[in-house]
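Below you'll find the structure, written out as structure tokens, and then a few comments.
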Amino acid sequence: MALGKIKADTLEHSTAGSLDTQFVVEGSAKGYVAFNGTGTIASDDSFNLSSLTDAGTGDYDASWTNSMGTSIYMMAGMKSHSASDSDCNLKIASRSSNFTASTVRVRSIEGGSATDSDYVSMMCHGDLA
């Protein structure tokens with residue numbers, strides 16, 4: 001069976017206008033995950049996620065099904081915790097052994113200490129391998 005290929009430089013919607021396909025390739029998230037980071041962690045929703053690992057209190061590793069082209073890509077995320085809204089942040093590992101083309105570590109921090117979080121979400125942008 002022969003596989004077909006569709007080539008297009010522009011996508012056009014019947015009422016919403018058109019969009020250059022390069023914008024879709026470069027501007028779309030290449031992966032995301034939303035999960036509960038307490039107890040046994042589990043993804044609520046994800047795209048391009050092969051695994052989610054509890055790496056310790058407040059530490060989570062996300063591994064991508066399709067790796068990024070390099071370990072240089074953009075990550076953004078957020079967290080919340082029902083127990084406290086003060087001094088909450090989500091730290092995304094810098095370029096280290098915990099930030100590779102296929103895996104990224106995030107740390108949930110409250111009041112300066114790592115803590116498990118009720119809700120964590122993150123997404124990555126960049127070029128796939």
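- Both Met122 and Phe99 are assigned to one and the same hydrophobic cluster, defined by single-linkage of ILVMFWY side chains at heavy-atom distances under 4.5 Å.
- In this structure, Val106 and Lys91 have side chains that are not in contact, with every pair of non-hydrogen atoms separated by 4.5 Å or more.
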TODO: Given side chain to side chain contact (heavy atoms under 4.5 Å, CB included), test Phe47 with Trp64 step by step and report yes or no.
DONE: CA-CA 9 Å; Phe47 170 69; Trp64 309 118; over 6 Å; no
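- Taking NZ of Lys79 as the reference point, atom OG of Ser117 lies at 3.0 Å (rounded to 0.5 Å).
- At distances below 3.5 Å, at least one donor-acceptor pair connects side-chain atoms of Asn48 with backbone N or O atoms of Asn66.
- Here the side chain of Lys30 pairs a donor or acceptor atom with the backbone of Gly126 at under 3.5 angstrom.
- Of all heavy-atom pairs between Leu49 and Ser51, the closest is CD1-O, 3.4 Å.
- Between Thr100 and Tyr73, the shortest heavy-atom contact is O-OH, 2.8 Å.
- In the hydrophobic cluster analysis, where Ile, Leu, Val, Met, Phe, Trp and Tyr join through side-chain heavy atoms closer than 4.5 angstrom, Tyr32 is grouped apart from Val120.
- The CG atom of Leu128 sits 10.5 Å away from atom OG1 of Thr65, with the distance rounded to the nearest 0.5 Å.
- Summarising the geometry, atom OG belonging to Ser108 is positioned 5.0 Å from atom OH belonging to Tyr60; distances are rounded to the nearest 0.5 Å.
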- [ ] Apply side chain to side chain contact (heavy atoms under 4.5 Å, CB included) to Met78 and Tyr119, showing your working.
- [x] CA-CA 8 Å; Met78 61 178 256; Tyr119 178 79; 3.8 Å; yes
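- Neither side chain, Ser50 nor Ser63, offers a donor N or O lying under 3.5 Å from an acceptor on the other.
- Under the side chain to side chain contact (heavy atoms under 4.5 Å, CB included) test applied with Ile41, the options Asp54, Asn36, Asp116 reduce to a single match, Asp54.
- Around the CG atom of Asp127, the shell of radius 6.0 Å holds no more than 12 heavy atoms that belong to other residues, nucleotides or ligands.
- Considering only heavy atoms from C-beta on, Met68 comes within 4.5 Å of Cys124 through its side chain.
- Of the possible polar contacts, one joining the Thr70 side chain to the Ile72 backbone as a donor-acceptor pair under 3.5 Å is found.
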